[in-house]
Amino acid sequence: MSNIFVGERAISLPSLFAALPVAVVLVDRDGHILAANPETSALQGQPPEAVVGRKVSEFHQDAARNLARDHWFAEAGLNIPDHEMTFAGRPYQVSARPLRDEAGIVIAFVVSFTDVSRLKRAERRLSEANRRLKARVWEDHLTGVPSRRYLDAALTREIRRARREGRALSVVMADIDRFKSFNDRYGHQAGDACLRSVAQVAAKVLVRGADELCRYGGEEFVAILPGTDLVGAVEVAERMRRVISDRAVPHEDVPSGHVTISLGVASLPPADQGSHRDRDALIAAADAALYAAKAAGRDRVARAGQDSAD
């Protein structure tokens, strides 16, 4: 059957082949191009008649290998998987389907090439949008450091890793001294700027890649210090305290006359096995140490289990 009838009008198969909206070629078993429709000119910048009779290997370095693979799938009675090829810098989805004779022998392949560059761009935009959304979920928008939600997940993960690897884990809880008074005196806009400054400056103290500073809530921050024992964590906390004090941001409602922070330090308790109870116990110990630092006069570091540490 060489014609297809639409009503009383006959449409020839070559006409139908030429009208297809994607590039299509007919290739024999040996890789010779038997026919090509006008859309194939977009692949190599040549008219269809210029490629007929030539081998596919002349047009793409992977064509011969792909054809051999397609032939293997066809002979095995399996569906030929689609793949991608690039022509003139544009990605194409390539779909090959076998043509068989009356005995079921594969004699040729119909190969279509669909330009998927627009789809790829849409996928990249979607991927970037998802990345930004994920970042917004895990990031505290005001300060730019990881959020409380991230802190909970990260601390649970690090506790399990510390238990598994038998290594230390410490946290530092920091709180801006008399922050409510700062807000009342200087205004909420200045308070937001103060929070951002403290977060960014304190985060720079954490020079190891595994260490992270997260916003716990309000004017409180928590630093996660994997592989750091209590003594080492106290040293990190003291550096954080000093860098904030050295910035000398005015705060007339504290004795020093500038913004300071108090910090509580705690290390992983010896009991339990990486549970939420571990996480809560570690935070509670750091919070208790922070309370002790504030009770002792603020602008200082205290460790869990004792009043203060210089």
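These numbers come from a predicted model, not from an experiment.
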### Task
May I ask you to decide whether Arg29 forms a salt bridge with Glu75, counting only side-chain N to carboxylate O separations under 4.0 Å?
yes
### Task
Could you tell me whether the side chains of Thr228 and Arg208 share a donor-acceptor contact shorter than 3.5 Å?
yes
#### Entry: Beyond-backbone contact of Leu169 with Ile224, side-chain heavy atoms, under 4.5 angstrom
yes
### Message
Just by distance, no angles: are the side chains of Arg298 and Ser262 close enough, under 3.5 Å, to form a donor-acceptor pair?
### Response
no
### Query
If only atom types and distance count, is the side chain of Asn37 paired as donor or acceptor with the main-chain N or O of Val24 below 3.5 Å?
yes
### Task
Might you confirm whether atom CZ of Phe59 has over 12 heavy atoms from other residues, nucleotides or ligands at distances under 6.0 Å?
yes
### Any side-chain heavy-atom pair of Glu84 and Tyr92 under 4.5 Å
no
### Task
Using a 4.5 Å cut-off on heavy atoms from C-beta on, say whether the side chain of Leu213 contacts that of Met240.
yes
#### Entry: Pairing of Glu158 and Arg161 as salt bridge, 4.0 angstrom limit
yes
### Exam field: side chain Glu165 to backbone Ala162, donor-acceptor pair closer than 3.5 Å
no
### Message
Can you confirm whether the side chains of Tyr150 and Glu139 place a donor and an acceptor under 3.5 Å from each other?
### Response
no
### Query
Does the distance from a Lys or Arg side-chain N to an Asp or Glu carboxylate O, for Asp115 and Arg90, drop under 4.0 Å?
yes
### Query
Between Thr156 (side chain) and Asp152 (backbone), is there a donor-acceptor pair under 3.5 Å?
yes
### Sole candidate of Arg300, Lys294, Arg241 that passes salt bridge (Lys or Arg N to Asp or Glu O under 4.0 Å) when paired with Asp177
Lys294
### Query
Any donor and acceptor pair, going by atom type alone, linking the side chain of Asp287 with main-chain N or O of Ile283 inside 3.5 Å?
no
### Query
Take atom CZ in Arg164; do more than 12 heavy atoms of anything else shown fall under 6.0 Å from it?
yes
### Query
Is the CG atom of Asp246 crowded by more than 12 outside heavy atoms at less than 6.0 Å?
yes
### Query
If Ile, Leu, Val, Met, Phe, Trp and Tyr residues are connected whenever their side-chain heavy atoms lie under 4.5 Å apart, and connections chain through other members, are Tyr291 and Leu263 in the same group?
no
## Note on the structure
All heavy atoms of Val265 vs all of Val172, minimum pair found to be CG2-CG2, 4.1 Å
### Task
Spell out, as yes or no, whether a donor-acceptor pair under 3.5 Å connects the side chain of Gln93 to the backbone of His83.
no
### Task
Taking the side chain as every heavy atom from C-beta outward, state whether Arg167 and Pro226 have any pair of such atoms under 4.5 Å apart.
yes
### Task
Would you mind reporting whether Val52 and Val25 have side-chain heavy atoms less than 4.5 Å apart?
no
Please tabulate, for the side chains in residues 189-199, all donor-acceptor contacts under 3.5 angstrom to protein atoms that are two or more places apart in sequence or on a different chain.
from   : atom 1 : to     : atom 2 : distance (Å)
Ser197 : OG     : Arg247 : NE     : 3.2
Ser197 : OG     : Arg247 : NH2    : 3.4

### Query
Do you know which two heavy atoms are closest between Lys120 and Pro91, and how far apart they sit?
CG-CG, 3.9 Å
### Message
Checking the side chain of His251 only, and the main-chain atoms of Arg178 only, is there a donor and an acceptor separated by less than 3.5 Å?
### Response
yes
### Message
Whether Asp278 and Arg160 form a salt bridge (side-chain N of Lys/Arg under 4.0 Å from carboxylate O of Asp/Glu) is what I want to check.
### Response
no
Could you list the donor-acceptor pairs under 3.5 angstrom formed by side chains in residues 214-221, with sequence neighbours left out?
from   : atom 1 : to     : atom 2 : distance (Å)
Arg215 : NE     : Gly218 : O      : 3.0
Arg215 : NH1    : Asp140 : OD1    : 3.3
Arg215 : NH1    : Asp140 : OD2    : 3.3
Arg215 : NH2    : Gly218 : O      : 2.8

### Query
Under 30°, 30 to 60°, or over 60°: which ring-plane class applies to Phe182 and Phe179, parallel, tilted or perpendicular?
parallel
### Task
Return yes if some donor-acceptor pair links the side-chain N/O of Asp30 with the main-chain N/O of His32 below 3.5 Å, else return no.
no
